Amino acid sequence: MKTTLDLLKMKKETDRITMITAYDYPAAKQAEAAGIDMILVGDSLGNVVLGYDSTVQVKLEDMIHHGKAVRRGAPNTFVVVDMPFMSYHVSLEESLKNAAALFQETNAQALKIEGGSKENITLIKRLQDAGIPIVAHLGLTPQTFNVLGGYKVQGRDKETAKQLTEDAKAVASAGAIALVLECVPLELAEVITNEIDIPTIGIGAGVHCDGQVLVYHDVMQYGVDRLPKFVKTYADFNGAGVEAITNYVNDVKGGTFPSEEYSFLLKDRSILE
Ligand SMILES: Nc1nc(=O)c2c([nH]1)NC[C@@H]1CN(c3ccc(C(=O)N[C@@H](CCC(=O)O)C(=O)O)cc3)CN21
Ligand SMILES: CC(C)C(=O)C(=O)O
Ligand SMILES: [Mg+2]
C-alpha cells in the first residue's frame, strides 16, 4: 500500500499518481488488481450509483456503507473517502465527530473535503493533528454547485485564478496531503502544481497535475449517459450489459436456458415413482 510519503516522493520524481473512484466491493477489487495507486470513495456515489441528480443528497451513512465495501475489496490500496455535503460545515466539533466516524468505520487512509475556506483550513489542521490525513479539493466543487451556478470550469479569470492559487497554498500549508483540482484550465493547474509541495490530482485539469482521477462509471461507461468533456472511456459496460441481459432473456424465452448443463439430475429417477 502507498503511504503519504510515497505520494510526496512520486511528485518529486514525476512518477504520476493514478486514482479512480470505487463505491463497492467488485470495483475496488478491480482497481486493486490493476495496481492503482489510490482509490477514492467519492460522493459522486450519489450520481452514479444511487441515481440522485447531485452529490448534495449523499449522507454520512451512505459514505460509511460504501467505504466499508471498498475497503473489503481493496485491503491493500490507499483509500480516500469523501466527507459528504454539510457533514463538515455545521461546527468544528460536529465536523471532527463526523470525520472520526467516517475514518474509523471505513478504515480509510485519508478523507477528502471540498473548498479552501478559513473554517476548512482550521479543520484540516485539527484533523491532521488528530491523525486523519486530509485530501483537499478545489476548483469545481460539486457540493456547492448551487452556489457556483452549475458545473463550470473554475479559475478562468485573473481574480478567480489568483484565489484558487492562494487557496491551494493555504490547504497545503495547513497540512493537506494532496489536492484534487477539478475542472481547471491546464495552464493554471500547472502553475498551482509547481507552486505547492503536495501532489495535485487532476480531473479535467490537464496533464501537468501530479496525478489523475476519474469516476469509475465514466471510465467504464456504466449507467451514465452524458459524459463531461474531460472523461476518456476505456470500456462499454452499458453495451456489454444490455447485450448480456438481452441474450439471457432470449435464451429463457426460447427455452434454451437452462439446458441440462445448468441443471441438477437425480441419480435415481425411480425415487419419484
Ligand atoms: N459521472 C460523474 N462524473 C463526474 O466526474 C462527476 C459526477 N458524476 N458527479 C459529481 C461531479 C460533477 N462533475 C461534473 C459534471 C459535469 C461537468 C460538465 O459538464 N462540465 C462541462 C464544462 C462546462 C464549462 O466549460 O464550463 C463539460 O462540458 O465538461 C463537469 C463536472 C464531476 N463529478
Ligand atoms: C470527482 C472526484 C474528485 C470526486 O470528488 C468524486 O468522485 O466524488
Ligand atoms: Mg466528491
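Read the numbers this way: they start at 1 and go in the same order the structure lists the ligands and their atoms. These figures come from a predicted structure and were not determined experimentally.
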TODO: Looking only at N, O or S atoms, find the one in D82 nearest to the Mg ion (ligand 3) and name it.
DONE: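 Relative to the Mg ion (ligand 3), the closest nitrogen, oxygen or sulfur of D82 carries the name OD2.
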Open item on the list: Suppose we only allow N, O or S atoms; which atom of D43 ends up nearest to the Mg ion (ligand 3)?
Closed with: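 Of all N, O or S atoms in D43, the Mg ion (ligand 3) lies closest to OD1.
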Of the side chain and backbone of [X], name the one, both, or neither that has a heavy atom under 4.0 Å from an atom of ligand 1.
X    : result
R226 : side chain
P142 : side chain
V215 : side chain

Please check whether [X] reaches ligand 2 - meaning an N/O of the residue sits under 3.5 Å from an N/O of the ligand, judged on distance alone.
X    : answer
S44  : yes
D82  : yes
E114 : no

- [ ] Between T55 and ligand 2, find which residue part has any heavy-atom pair under 4.0 Å and reply side chain, backbone, both or neither.
- [x]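 For T55, there is no contact with ligand 2 at all, from either part.
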Task: ligand 2 contact on L45 by region, counting heavy-atom pairs under 4.0 Å - done: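 Looking at L45 and ligand 2, no heavy atom falls under 4.0 Å.
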Task: Electrostatic pair K162-E166, nearest N-O below 4.0 angstrom - done: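 Salt bridge between K162 and E166, a charged N being under 4.0 Å from a carboxylate O: yes.
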Please could you name the atoms of ligand 1 that [X] approaches to less than 4.0 Å, counting only its heavy atoms?
X    : answer
L140 : 30 (C), 31 (C)
N47  : 9 (N), 10 (C)
F230 : 5 (O), 30 (C), 31 (C)
K152 : 26 (O)

TODO: Could you tell me whether the side chain of V79 reaches within less than 4.5 Å of the side chain of T106, counting heavy atoms only?
DONE: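 Sidechains of V79 and T106: no contact.
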Task: Ligand-side contact atoms (ligand 2) for residue partner V180, heavy atom cut-off under 4.0 Å - done: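 Counting from 1, the qualifying ligand atoms are 3 (C).
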TODO: Could you list the atoms of ligand 2 found under 4.0 angstrom from a heavy atom of T21?
DONE: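 In order of number, 7 (O).
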- [ ] Identify the protein heavy atom lying closest to atom 7 (C) of ligand 1, giving its residue, its atom name and the separation to 0.1 Å.
- [x]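 Looking at atom 7 (C) of ligand 1, the protein heavy atom closest to it is S44 CB, 4.1 Å.
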TODO: Check each of I203, V213, V48, D43 against atom 8 (O) of ligand 2 and report the one with the nearest heavy atom.
DONE: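 Selected option, by shortest heavy-atom distance: D43.
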